Amino acid sequence: MALVELRNVSKIYQLGGEEIRALDDVSLDIESGEFISIIGPSGSGKSTLMHILGCLDSPSKGTICLDGVMIQDASARQLAAIRNRKIGFVFQFFNLLPKLNVTQNVELPMIYSGIGSAERKKRALAALESVDLVNRAKHRPSQLSGGQQQRVAIARALVNDPKIIFADEPTGNLDSHTGDAILTLFRRLSQSGRTIVLVTHDPEIAAVTPRRIEIRDGKIAVKVDLTLAGLAGGRRNPDGAEPPKPA
Amino acid sequence: MSKDHIQPPAEVLLNTRAQLGIMVVAGVSEIWAHKFRSMLTMLGIILGVSSLVAMSAMVSGMEKGAKEALIAIGGLEKVRIESQDLPVYQRHLSDQAVGITINDVYALQRTAPLVTKLSPEMRLPASVSANGKTFRPWVCSGVWPVALEMGEHVIEHGRMINELDDEMARNVCVIGTATRDELWGPPEKTGKEIIPLGETIYMNGTPFTIVGMFKHYESEQERKTRELAKLQAQLQPQPSGGVSRDRGHGGGGGRRRGNFVFYLKNSTVYIPLNTMWMKFRSGMSFTGFGGGFQPTGGAGGSTGDPRLSSLELRVQSVDLLPESLQQVQNVLTSTHKGIEDFTFRTQEDWAEQINTFVSNARLSGGLIAGISLLVGGIGIMNIMLASISERVREIGIRKSVGASTVDIFVQILVESVLIAIMGGLAGMVASFGLVAMLSSFSPTDNAPIITVATLLVAFSFSVLVGILAGIFPAIKAARLNPIQALRYE
């Protein structure tokens, strides 16, 4: 069983009587431990897909199974709890709280899961250690460089030991050198067994992941699968699309 | 594979409770981050709370003063019987109406067991003179010795008139301090307290010997003020401009009721009832009878007026007041042969008036203070709305890392309530200052009283206002869509 199973998911908006299909009948499996990128130009529906995968939004049609639980009909509170425990987000603009220091920012998800203060501190420091930022624990986000801020954001995403991490254009606001460092960090995390979904418009960045999915007009247009399973053709194709071919 | 529907996380509420402490800390730091803004917001609550407390304190002060005065004139057990005009259907009997006489007193003594004390009184519009000065006391009455207890009087110097004085119709009198102040000067002016025992005063020209003087009656507040003035006078051996006379001590009319009552009481002159009858009312010569009291007029068909000005009586207890009144009514109806030329006056009317006044003052003052609290609440709501629209992104971030709708709602509400609580606490402190300021601006004889209950009520109102003001912004914040909130610039 895959970690995430999307089946015939559609997201439909009504705009002035006009029906807009941001996502149109998408089916997708993500296995545990995978490093996958979702590519697409802006307006393609990749953000909508990430929001639905990341439990920030619910689909209009279709079913989602995350870690063995059907969540397409979950309430806002249930989605919040899932985001808290099973999902970590890394955003383009870091999205740290400027009023809190680095440690407090990393502790934030644990506050909403009701973890005691000593345990929070311990785990926050461990997460900071995994991104090499222990020496900045007491700094404010504004005192850090962009790359450091993004690493804090990654530490925050890791701290509740989530099943899956979504990174939305994580290098979009960084220079190429820092961006590379962040991508290297993601690769390292992937190697240590994390499931990471990288959302980007840039094929070059997507190239770091073995598996790529390109979204266009709300549909999965191109699939590239360089994983062993993919190459062996052993992956199930829930949408019945043509078998993957090497890039 | 088990595709169960997700179970609602039962521990969420529990977590919310555990997070409350963190949220309070976050709220405090949020308020601290915008010190000036928060302070201005709190100012509304501070004003509301302190005006509520101050208003209530003033009313409580007035209430206490009025109650003190009520007790000073004899409490609720006291009933006054006064003569009144005949009702229309008895007008033709008016020539047979004798009024309230000493006979009624004797009849009541015999047959009304619920009446414990009876104090007949004959008033005289008299002026007293001595020491080259003249004074018109408010009350100049012929009374029985029982009037001492009846009127809640206390003899400070000398003695009360006694049975023998009454029997012999002696020319003796007991005076209040106001009479002394007017004729010989108050202690504040003369520098020492003059006790005019044994002095002779002339009442409408008739000489009377002073055998006793009542203590100086005053309200709590007057006493405090006077003692303070005394203390200050002691501390400063050469006071500039001399020791000024205390408010409420001695002369001067046109004062507030509580004060006026004490003044009235101080300007009492009591003489024996028989003396009053013999010397002033019976229409006989001064050297008339030494004997008993003849209610129906003396020999020789004098034009004396045997009616009592009033008859005060005391009943056993307030609970038995209706029964006692009925008893008195029965006795008097019998002695007056059914002619209803008398009426009862109880202090309950006054007590009721006090209560009405107090509740009216409470209501109007509370309304005004409530409106200012409401305005303070609107201020909080305004600032919270501004605050959340500044923090849309923060709310989005919090939601993306797992904050639920409830979490955000509680966070905003906690902040709003914190502002209200801080404002409420500061308002409670400020209320003491406000009360001090108000009483220095317009000193009253009834010092405002700040009670714990008032403080608690005002404080809980401020918390309530904080909750009410926070609900709408909190709902607004909690409902923010995380995706849009994260995109918000």
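Bear in mind the structure is a predicted one, so any value in this text is a computation, not a measurement. So that the names make sense, note that chain A is the first sequence line, chain B the second, and so on, each numbered from 1.
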Stepwise, does the side chain to side chain contact (heavy atoms under 4.5 Å, CB included) test hold for A:Arg77 with B:Thr405?
CA-CA 7 Å; A:Arg77 177 194 277 185; B:Thr405 315; 5.7 Å; no
Is A:Arg156 close to B:Val401 at the side-chain level, that is, under 4.5 Å between some pair of heavy atoms?
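The answer is yes, as the side chains (C-beta and beyond) meet within the 4.5 Å cut-off.
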Measure the spacing between [atom1] of [X] and [atom2] of [Y] and express it to the nearest 0.5 Å.
{"X": "B:Glu394", "Y": "A:Lys99", "atom1": "CD", "atom2": "NZ", "answer": "4.5 Å"}
{"X": "A:Tyr112", "Y": "B:Lys399", "atom1": "OH", "atom2": "NZ", "answer": "10.5 Å"}
{"X": "A:Ser117", "Y": "B:Ile22", "atom1": "OG", "atom2": "CD1", "answer": "8.0 Å"}
{"X": "B:Asn481", "Y": "A:Leu56", "atom1": "CG", "atom2": "CG", "answer": "8.5 Å"}
{"X": "A:Leu108", "Y": "B:Arg398", "atom1": "CG", "atom2": "CZ", "answer": "5.0 Å"}
{"X": "A:Phe91", "Y": "B:Ile397", "atom1": "CZ", "atom2": "CD1", "answer": "7.5 Å"}

Under 4.5 Å from any heavy atom of chain B, what part of A:Leu96 do you find: side chain, backbone, both or neither?
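Just its backbone gets close to chain B.
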Which atom names give the shortest non-hydrogen contact between B:Arg487 and A:Ser47, and what distance separates them?
NH2-CB, 4.4 Å
More than 12 heavy atoms of other residues, nucleotides or ligands under 6.0 Å from CG of A:Asp202: is that the case?
yes
Atom group of B:Gln411 that falls short of 4.5 Å from chain A, counting heavy atoms
side chain
Please state whether the side chain, the backbone, both or neither of B:Arg479 comes within less than 4.5 Å of a heavy atom of chain A.
neither
Can a donor-acceptor pair be found, under 3.5 Å and without considering hydrogens, that links the side chain of B:Arg393 to the backbone of A:Asn95?
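No, B:Arg393 side chain to A:Asn95 backbone: no donor-acceptor pair under 3.5 Å.
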